[in-house]
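A short write-up of the structure that comes next.
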Amino acid sequence: LSVSANYLFIVGQQDSEFGGREEIVYSASSRLNRFWRIAFSGVNDLVANETRAVGAQLIYENECIVLTTDARRTFFEDRDLKPSDQISFHVVLKTLGEVRTGISP
């Protein structure tokens, strides 16, 4: 089991459209057995007291291949940005290379 958290503090700049930021970024991952791992992550805005993003990964890995399924949800909303969902699949053939696909509604 691996757990981590990072604290981010950026002072707002005068005459800028971007204000300061105070966030906590957290993650946890665990090996389920010899081949399978699972991970969860998130970002929380401490000033607005809102969740900005969450995600989960399921990973299968053996001697020849790595298969990763990644699901993410962002909640951030602004003038040009809307909340979004993403699901992606990664296939890595360890001796040949990597193939990626994704779905973003």
Side-chain angles (χ1 to χ4, degrees):
L1 176 67
S2 174
V3 177
S4 70
N6 293 306
Y7 172 75
L8 172 71
F9 177 75
I10 300 173
V11 176
Q13 300 296 313
Q14 201 169 13
D15 299 327
S16 173
E17 67 179 273
F18 301 106
R21 176 173 267 174
E22 193 171 1
E23 292 180 342
I24 188 153
V25 180
Y26 53 89
S27 65
S29 63
S30 179
R31 181 171 297 280
L32 300 175
N33 61 32
R34 181 177 168 206
F35 299 111
W36 290 94
R37 295 188 316 260
I38 193 166
F40 298 97
S41 62
V43 178
N44 280 35
D45 184 327
L46 298 176
V47 174
N49 198 26
E50 295 177 346
T51 300
R52 295 289 185 194
V54 293
Q57 284 186 321
L58 182 63
I59 303 123
Y60 174 83
E61 181 175 2
N62 66 20
E63 303 81 24
C64 301
I65 193 167
V66 180
L67 304 172
T68 304
T69 302
D70 192 3
R72 299 201 176 276
R73 168 85 172 149
T74 60
F75 299 99
F76 187 76
E77 193 165 355
D78 197 5
R79 179 183 63 220
D80 298 325
L81 295 173
K82 303 287 184 221
S84 66
D85 298 306
Q86 275 185 327
I87 298 173
S88 60
F89 305 94
H90 303 267
V91 177
V92 178
L93 303 172
K94 290 185 176 182
T95 57
L96 297 176
E98 183 173 352
V99 177
R100 296 176 184 230
T101 65
I103 302 169
S104 259

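Every heavy atom of this structure was used, including side-chain atoms; hydrogens, water molecules and symmetry mates were not. As the structure is a prediction and not an experimental result, all values here were calculated from the model.
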Over all atoms of both residues, closest heavy-atom pair of R72 and G55:
NH1-CA, 3.9 Å

Applying the 4.5 Å side-chain criterion to the ILVMFWY set and letting contacts propagate, would I65 and W36 be lumped into a single cluster?
yes

If you look at every heavy atom in F75 and V54, which pair is closest and at what distance?
CE1-CG2, 3.9 Å

Residues in side-chain hydrogen bond (donor to acceptor under 3.5 Å, both in side chains) contact with E23, at least two apart in sequence or another chain:
R21

Nearest 0.5 Å, what's the CZ-CD distance between F40 and Q57?
10.5 Å

Would you say S84's side chain and T74's backbone share a donor-acceptor pair under 3.5 angstrom?
no

Which distance, rounded to the nearest 0.5 Å, do you find between the CD of E63 and the OG1 of T95?
12.0 Å

Same apolar cluster: I24 and V47, side chain cutoff 4.5 Å
no

Qualifying residue for side-chain contact (heavy atoms from CB on, under 4.5 Å) with I59, from V66, L67, T69:
V66

Grab the two heavy atoms, one from V43 and one from Y26, that are nearest each other, plus how far apart they are.
N-CE2, 4.0 Å

Y7/L46 under side-chain contact (heavy atoms from CB on, under 4.5 Å): CA gap, chis, key distance, verdict
CA-CA 10 Å; Y7 172 75; L46 298 176; 3.8 Å; yes

Can you tell me if CG on N62 sees more than 12 non-hydrogen neighbours from other groups inside 6.0 Å?
yes

With ILVMFWY side chains joined below 4.5 Å, transitively, what does L1's cluster contain besides itself?
V3

Enumerate the salt bridge (charged side-chain N to carboxylate O under 4.0 Å, His left out) contacts for residues 40-51, please, sequence neighbours excluded, ordered by first and then second residue.
D45-R52, E50-R52

For the atom pair CG (N44) and OG1 (T51), what is the distance rounded to the nearest 0.5 Å?
4.0 Å

Find the distance between OH (Y60) and CG (L32) and round it off to the nearest 0.5 Å.
13.0 Å

